[in-house]
Amino acid sequence: MAQLILTPLLAALSLGAALFLFRYLKANGTQIPPRRALWVLLAGTVLGVACTWIERKLLEVTGLSLVVTPQRAQGALLAMFLFVIPLEEGAKAAGIWPLYTQRKIEDRYQGLLFGVLVAAGFAASRAVSTALFEPFSWVLSARLVLAGVAHLFASGLWGYVLGRARGRWFISAWLIAVGVRALHDHIVFGRGPGMLVLAVPMAAAMLALGWAAIRDIETNPGRTSMLGLAQPPPLKALRRALRRTEKPLMLRWIAIASLVTAGAIFACLALGVFIGHKVGIDFSLADEADARSNGPLLLLAVSVMAAFPISGYLVARASGATTVLESALGASVTIGVAVALFTAAAPVAVLFALATAPIAFLMTCLGAWVGLAR
């Protein structure tokens, strides 16, 4: 009974996101033939079914598994990075490639839309097949929803680039999309339910970047949303904030920013642990195989993430910077050092660092944006 409710709901989530983007772009002046959009959506659905069958057969023949076990930890990671995700993203790219060769993708917004449409059909068919043939659980539902977000983001990324500058940077964008999705899906499907919360920051960063991309064509950039909150800045505004000005880079403030970020992380983490103990959260439950681990991990992730906008704001205010570049580079240095240390000391923690890095970078930029000297 649960599968009968879950399967159409999961399909509706992906298709609803594609329909929203279609109507949004059309309302803002992008000319999109509805019949062409429907064909791309159907192509993605067929490709999703085909890839599902191919993956299952080849995994059976080779004896590989996407789920991490003590004996197959590296094999699961390599299978995701070198086989499953390249196959899926390659199939989705092939679904809209005829439109590109026939010059029917006229701009980056059409490329974004067609990438999202082929991904929506692909994700919907994958979600339905998975939900029908696997026993129902709330963990499975969360995994499929997070996987749908990654599908839409990855294809939207290379689709956006494909429609811009005649696809000159398409290969680079496609490889980035494959890497991001492989890491995301390895956490979501390859790791235990106790690690599932680590995919939430990645999904949040994907949604934020996707929304900023479609905001590029906003006809009234200053308007507010239905909730009365200011909408996020478009990508062109974010690019301007990260661009160097006539002033040289303040290397001293980049070093200071990295130290401030590290100090803020330790302070916020200590505060999170203190709050956790006060409200009775048991941090000893942190076990990859136990879904109850998501509560303690979520509190720790929120605590760490809170440090980045705080440090970005403090550095921007103290330095009198006119761009967010110094704060962003300082945060990047801190993240890079953390990844290097985790690689040597606790390899599993590298997943946490890489999963949270995108949204940490964005939140640093946001905090610095607020603190800029204007």
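- A side chain to side chain donor-acceptor pair (under 3.5 Å) check over residues 33-54, counting only residues at least two apart or in different chains, returns the pairs Thr52-Arg126.
- Looking only at side-chain heavy atoms (C-beta outward), Met305 and Val302 stay at 4.5 Å or farther from each other.
- Across every non-hydrogen atom of Ala18 and Val116, the tightest pair is CA-CG1, 4.1 Å.
- A perpendicular orientation is assigned to the rings of Tyr109 and Tyr160, their planes being inclined by more than 60° (bins at 30° and 60°).
- In this structure, CD1 in Ile254 is found 6.5 Å from CG in Leu325, a value given to the nearest 0.5 Å.
- Atoms CE and CG, from Met80 and Leu66 in turn, are 4.5 Å apart once rounded to the nearest 0.5 Å.
- A pairwise comparison of heavy atoms in Ile187 and Ala199 identifies CG2-N, 4.1 Å as the closest pair.
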Please list, one pair per line, the donor and acceptor atoms closer than 3.5 Å that link side chains of residues 257-273 to other protein atoms, with sequence neighbours excluded.
| from | atom 1 | to | atom 2 | distance (Å) |
| --- | --- | --- | --- | --- |
| Ser258 | OG | Ala255 | O | 2.6 |
| Thr261 | OG1 | Ala257 | O | 2.7 |
| Thr261 | OG1 | Ser311 | OG | 3.3 |

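- Atom CD1 in Ile32 sits 6.0 Å away from atom CD in Gln110 (nearest 0.5 Å).
- For the atom pair Glu326 CD and Leu329 CG, the distance stands at 7.0 Å (nearest 0.5 Å).
- Scanning all heavy atoms of the two residues, the minimum distance from Phe189 to Val67 falls at O-CG2, 3.9 Å.
- The cluster map of Ile, Leu, Val, Met, Phe, Trp and Tyr, joined by side-chain heavy atoms under 4.5 Å apart, puts Leu19 and Val128 in different clusters.
- Proximity of Leu196 to Leu146: side-chain heavy atoms (C-beta onward) are separated by under 4.5 Å at one or more points.
- The shortest side-chain heavy-atom distance between Pro98 and Lys104 does not fall under the 4.5 Å cut-off.
- Placement of Leu58 and Val49 in two distinct hydrophobic clusters is found when ILVMFWY residues are connected by side-chain heavy-atom separations under 4.5 Å, directly or transitively.
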Quiz prompt | Test side-chain contact (heavy atoms from CB on, under 4.5 Å) applied to Leu113 and Val40, step by step | solution = CA-CA 10 Å; Leu113 174 67; Val40 171; over 6 Å; no

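- Note on ring orientation: taking the six-membered ring where Trp is involved, the planes of His151 and Phe122 are tilted (angle from 30° to 60°).
- Both Val279 and Leu299 belong to a single network of hydrophobic side chains, linked directly or stepwise wherever heavy atoms of I, L, V, M, F, W or Y lie under 4.5 Å apart.
- Atom CZ of residue Phe22 and atom CG of residue Leu38 lie 9.5 Å apart, to the nearest 0.5 angstrom.
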Practice problem: I would like to know whether Leu183 and Phe81 meet side-chain contact (heavy atoms from CB on, under 4.5 Å); could you show each step before the answer? | Solution: CA-CA 8 Å; Leu183 174 62; Phe81 270 86; 4.3 Å; yes

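- Residues Pro86 and Val178 come closest through the heavy atom pair CG-CG1, 4.0 Å.
- When side chains are defined from C-beta on, Trp158 counts as touching Lys92, because their heavy atoms get closer than 4.5 Å.
- Taking all atoms of both residues into account, the shortest heavy-atom contact from Ser327 to Thr364 is O-CG2, 3.5 Å.
- To the nearest 0.5 Å, atom CG of residue Leu162 and atom CH2 of residue Trp174 are 13.0 Å apart.
- Put simply, Leu41 and Val46 are part of two different groups of oily side chains (I, L, V, M, F, W, Y) that touch within less than 4.5 Å, one to the next.
- When side chains are defined from C-beta on, Leu21 counts as touching Leu112, because their heavy atoms get closer than 4.5 Å.
- The shortest heavy-atom contact between Ala150 and Met206 is CA-SD, 3.7 Å.
- Here the side chains of Pro309 and Leu366 are not in contact, with every heavy-atom distance at 4.5 Å or above.
- Residue pairs meeting the side chain to side chain donor-acceptor pair (under 3.5 Å) criterion with at least one member in residues 196-207: none, sequence neighbours excluded.
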Self-check item: side-chain contact (heavy atoms from CB on, under 4.5 Å) assessment of Phe308 paired with Thr334
Solution: CA-CA 10 Å; Phe308 288 92; Thr334 304; 5.5 Å; no

Practice problem: In sequence, state the C-alpha distance, the side-chain angles, and the governing distance for His184 and Val149, and then conclude on side-chain contact (heavy atoms from CB on, under 4.5 Å). | Solution: CA-CA 10 Å; His184 177 274; Val149 173; 5.8 Å; no

